[in-house]
Amino acid sequence: QVQLVESGGGLVQSGGSLRLSCAASGNILSIYTMGWYRQASGKQRELVASVTSGGSTNYADSVKGRFTISRDNAKNTVYLQMNSLKFEDTAVYYCNADGHDVWGTFKDYWGQGTQVTVSS
């Protein structure tokens with residue numbers, strides 16, 4: 001089993017910053033792409049940002065210039081630095097990773113989610 005454990009969510013005022021962290025652990029052989037998704041109340045889950053093991057990044061247009069994704073491959077950890085937060089960034093943020101476990105099975109893994117609430 002591979003587990004993703006998130007931390008760093010919370011309540012922040014509009015214009016503030018938060019940093020999310022997600023660490024993968026367990027029977028990991030290789031982790032490829034890691035990323036963050038979010039789901040606001042009544043809306044579909046959407047990609048926020050992703051980063052490959054080689055460092056290539058991808059961002060949703062709505063967060064470009066405000067959010068920065070990074071990862072520490074040695075620690076199988078991905079971070080999301082969120083600056084200039086807006087009310088519309090309020091959502092449950094989910095960590096996602098894909099990769100092979102030690103038995104060679106390729107899977108898509110999800111964290112339990114962490115709430116980010118931005119007050120206007």
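Between the side chain of Thr90 and the backbone N or O of Val118 there is at least one donor-acceptor pair closer than 3.5 Å. At least one donor-acceptor pair under 3.5 Å links the side chain of Arg71 to the backbone N or O of Val51.
In this model, no donor atom of one side chain and acceptor atom of the other lie less than 3.5 Å apart for Arg45 and Tyr37. In this model, a donor atom of one side chain and an acceptor atom of the other lie less than 3.5 Å apart for Thr117 and Gln115. With hydrogens and angles left out, the side-chain atoms of Asp72 and Thr77 include no donor and acceptor closer than 3.5 Å.
A tilted orientation is assigned to the rings of Phe67 and Tyr93, their planes being inclined by 30° to 60°.
Atom SG of Cys22 is separated from atom CD of Gln3 by 11.0 Å, given to the nearest 0.5 angstrom. With rounding to the nearest 0.5 Å, the separation of CG in Leu47 from CG in Asn58 is 6.0 Å. Summarising the geometry, atom CD1 belonging to Ile28 is positioned 4.5 Å from atom CG belonging to Asn76; distances are rounded to the nearest 0.5 Å. Distance CG/Leu85 to CD/Gln13: 11.5 Å, rounded to 0.5 Å. For the atom pair Leu80 CG and Arg19 CZ, the distance stands at 10.0 Å (nearest 0.5 Å). To the nearest 0.5 Å, atoms CG (Asp98) and CZ (Phe106) are separated by 4.0 Å.
At least one side-chain heavy atom of Lys86 sits under 4.5 Å from a side-chain heavy atom of Arg66. Trp36 is listed as a side-chain neighbour of Cys95, based on a closest heavy-atom distance under 4.5 Å. Inter-residue side-chain proximity for Arg38 and Ser62 is flagged as met; some heavy-atom pair is nearer than 4.5 Å. Residues Thr52 and Tyr32 have side chains not in contact (no heavy-atom distance under 4.5 Å, counting atoms from C-beta outward). No side-chain heavy atom of Tyr79 sits under 4.5 Å from any side-chain heavy atom of Ile69. Annotation: side chain of Gln81 is not in contact with side chain of Ser70 (no heavy-atom distance under 4.5 Å).
In this view, Asp108 satisfies the salt bridge (charged side-chain N to carboxylate O under 4.0 Å, His left out) rule with no residue, not counting sequence neighbours.
Residue Ala24 comes nearest to Leu4 through the heavy atom pair CB-CD2, 3.4 Å, listed as atom of the first residue, atom of the second, then distance. Scanning both residues, Val48 and Val63, for their nearest heavy atoms gives O-CG2, 3.6 Å. Taking every heavy atom of both residues into account, Glu6 and Gly113 meet most closely at OE1-N, 2.5 Å. Minimum heavy-atom separation, Ser17 to Asn83: OG-OD1, 2.9 Å. What you find for Val2 and Asp101 is that their closest heavy atoms are CG2-CB, 4.4 Å. Among all heavy-atom pairs drawn from Tyr59 and Ala49, the shortest one is CD2-CB, 3.6 Å.
Taking 4.0 Å as the cut-off between side-chain N and carboxylate O, Lys64 and Asp61 count as a salt-bridged pair.
Under a hydrophobic-cluster definition in which Ile, Leu, Val, Met, Phe, Trp and Tyr are linked whenever side-chain heavy atoms come within less than 4.5 Å, directly or via other members, Met82 and Val92 are assigned to different clusters. Ile31 and Tyr94 are assigned to two separate hydrophobic clusters, defined by single-linkage of ILVMFWY side chains at heavy-atom distances under 4.5 Å.
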